Amino acid sequence: MQGSAPLLIALCFLTAAAIAAATTPLVIAFAWRAGAVDQPRSRRVHLAPMPTWGGLAMVVGFGITMAALLWRGGASGVPPAQIGAVVGGGFIIALVGAIDDRFDMRAAPKFLAQVICAALLIPFGVSISGLAGHPIPPWLGSVLTVAWVVSIVNAVNFVDGLDGLAAGVVGIASLALAVVAAARGQLGAAALSAALAGSAAGFLPYNFNPARIFMGDLGSHFLGYTAAATAVLGTFKIAASVALLAPVVAFAVPIFDTLWAMIRRYRNGQSIARADRNHLHHRLLDRGLSQRQAVLIIYAISAVCSAVAIVMSLPT
């Protein structure tokens, strides 16, 4: 790891966290006034209306931090245009999520918007170019990139079912990927991941149980998209085949929860896009755990997975 890497990670993390924390109370007031309020439903665990669009605070914290980094000359390993593509794409998909929060988009147009946002990364070179040290055709890299980004967006959206769960899980995984990228000399990707983790950490005090605001699809889409795109810039550029598994291992909880949900719904003859109350966090609640206990258990699992991701990808 380069000598400046720990300082860069710390600065990006702390700056994004401070901005997100300072912005969240303003977002709470704005969401109430704009009518962006999540109402209790059968599969929800909250019993009263709750302002959403909390993800806007994370977008602001992340965006300002990365703008400052680019103004100061950026970080090695990632061209400024690619950093701009990740940030810009994150803003656009956050807008898609905000519209869904407010007007409840149908599944098909929302999925199409996710695909388009993921495809916007390709012209800027944010694309998987090889696997296990072997180059792959550009068309295949583009397909894999879009599939990866869309999958993580929806995985994070699925895991956003308890107060503080998605923000904590993504924050833990992103911090791990910042360490992985920095250890491999990918300082630009490390800065992106650290800023994303910081923005989640700054928002978390307002979102942890009992929550004062939800991140909404605005937040889950933004977190999933930015984390997935940053993984493409960082760890997916690493030649070692074992290191390529780092993003998958770091995001093991939302990935496998989503896979199991798809299998379960297919077996039951349901649409895979249909929401249910059988995710991991729901099952923990059904066993008598409180929201906080369930979330902390999943945090612990995510932390173990993230530690494994770091160890398995460190240079030998």
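When a residue number appears, it is its place in the shown sequence, counting from 1. Remember, it's a predicted structure, so these values are computed and weren't measured experimentally.
Put simply, the side chain of Y225 gets close to the backbone of C117: a donor and an acceptor are under 3.5 Å apart. In this structure, the side chain of R292 does not engage the main chain of F208 through any donor-acceptor pair within 3.5 Å. Using a distance-only test at 3.5 Å, with no hydrogens or angles considered, a donor-acceptor pair links the side chain of Q82 to the main chain of F124.
In this structure, S151 has no side chain to side chain contact (heavy atoms under 4.5 Å, CB included) partners at least two apart in sequence or on a different chain. Scored by the salt bridge (Lys or Arg N to Asp or Glu O under 4.0 Å) test, D101 finds no partners at all (sequence neighbours excluded). For F30, the ring pair (Phe, Tyr, Trp, His ring centres under 6.0 Å) test picks out W53, with sequence neighbours left out. Evaluation of the side chain to side chain contact (heavy atoms under 4.5 Å, CB included) rule for I116 yields L112 as partners, not counting sequence neighbours. With sequence neighbours left out, the side chain to side chain contact (heavy atoms under 4.5 Å, CB included) criterion links A195 to C12, A16, F62, T65, M66. In this view, L95 and I99 satisfy the side chain to side chain contact (heavy atoms under 4.5 Å, CB included) rule, not counting sequence neighbours.
Across all non-hydrogen atoms, the minimal contact from V37 to P49 is CG1-CB, 3.6 Å. When all heavy atoms of L285 and A294 are compared, the closest pair comes out as CD2-CB, 4.3 Å. When all heavy atoms of C305 and A252 are compared, the closest pair comes out as SG-CB, 3.8 Å. For S193 against T230, the heavy-atom pair with the smallest separation is OG-CG2, 3.1 Å. For the residue pair A31 and P51, the shortest heavy atom distance occurs at CB-CB, 3.9 Å. Nearest heavy atom pair, residue A57 against residue T24, reads CB-OG1, 3.3 Å.
The distance from atom CG of L69 to atom CG of L8, rounded to the nearest 0.5 Å, is 6.0 Å. With rounding to the nearest 0.5 Å, the separation of CG in L284 from CD in Q291 is 11.5 Å. Taking CG from L56 and CZ from F203, the interatomic distance works out to 10.0 Å, rounded to the nearest 0.5 Å. Taken from CG in L162 to CG in L289, the straight-line distance is 10.5 Å, to the nearest 0.5 Å. Expressed to the nearest 0.5 Å, how far CE of M58 lies from CG of L204 amounts to 9.5 Å.
V115 belongs to a hydrophobic cluster with F111, V146, V150, counting contacts under 4.5 Å between side-chain heavy atoms of Ile, Leu, Val, Met, Phe, Trp and Tyr, direct or through other members. Cluster note: I92 groups with L120 through ILVMFWY side-chain heavy atoms spaced under 4.5 Å, whether in direct contact or through intervening members.
The side-chain heavy atoms of T145 and V126, taken from C-beta on, include no pair separated by under 4.5 Å. Inter-residue side-chain proximity for N154 and Q114 is flagged as met; some heavy-atom pair is nearer than 4.5 Å. Side-chain contact between M215 and L223 is present, with heavy atoms from C-beta onward closer than 4.5 Å. Inter-residue side-chain proximity for T258 and N157 is flagged as unmet; no heavy-atom pair is nearer than 4.5 Å. I19 places a side-chain heavy atom less than 4.5 Å from the side chain of T15. Using a 4.5 Å cut-off on side-chain heavy atoms (C-beta onward), M105 and V96 make contact. Side-chain contact check for L70 versus V87: every heavy-atom pair is 4.5 Å or farther apart. Contact of the T52 side chain with the I213 side chain is not registered, since no non-hydrogen atoms from C-beta on lie closer than 4.5 Å.
Follow the hydrophobic side-chain contacts under 4.5 Å out from V248 and you never reach V311; the two are in separate clusters. V295 and I297 fall within the same hydrophobic cluster, where Ile, Leu, Val, Met, Phe, Trp and Tyr residues are linked whenever their side-chain heavy atoms come under 4.5 Å apart, directly or through other members. When the side chains of ILVMFWY residues are joined at heavy-atom separations under 4.5 Å, either directly or via intervening members, F256 and W148 end up in a single hydrophobic cluster. If you chain together hydrophobic residues whose side chains sit under 4.5 Å apart, F251 and L259 fall into the same group. I122 and I152 are members of different hydrophobic clusters when ILVMFWY side chains are connected at heavy-atom separations under 4.5 Å.
Judged as a salt bridge (Lys or Arg N to Asp or Glu O under 4.0 Å), the pairs with a partner in residues 215-224 (not counting sequence neighbours) are, in order, K110-D217. For the side-chain hydrogen bond (donor to acceptor under 3.5 Å, both in side chains) condition, the pairs that include at least one residue of residues 197-214, sequence neighbours left out, are D163-N209.
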Kindly list each side-chain donor-acceptor pair under 3.5 angstrom involving residues 166-178, sequence neighbours excluded, with atom names and distances?
unit_1: S174; atom_1: OG; unit_2: V170; atom_2: O; d: 2.9

Please list every donor-acceptor pair under 3.5 Å in which a side-chain atom of residues 135-143 meets a protein atom from a residue at least two apart or in another chain.
unit_1: S142; atom_1: OG; unit_2: P138; atom_2: O; d: 3.0

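In the model, S220 has no side-chain atom that pairs as donor or acceptor with a side-chain atom of D160 under 3.5 Å.
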**OP:** Output, in order, the C-alpha distance, side-chain angles, deciding distance and verdict of side chain to side chain contact (heavy atoms under 4.5 Å, CB included) for Q186 and L233.
**Re:** CA-CA 8 Å; Q186 295 280 348; L233 284 177; over 6 Å; no
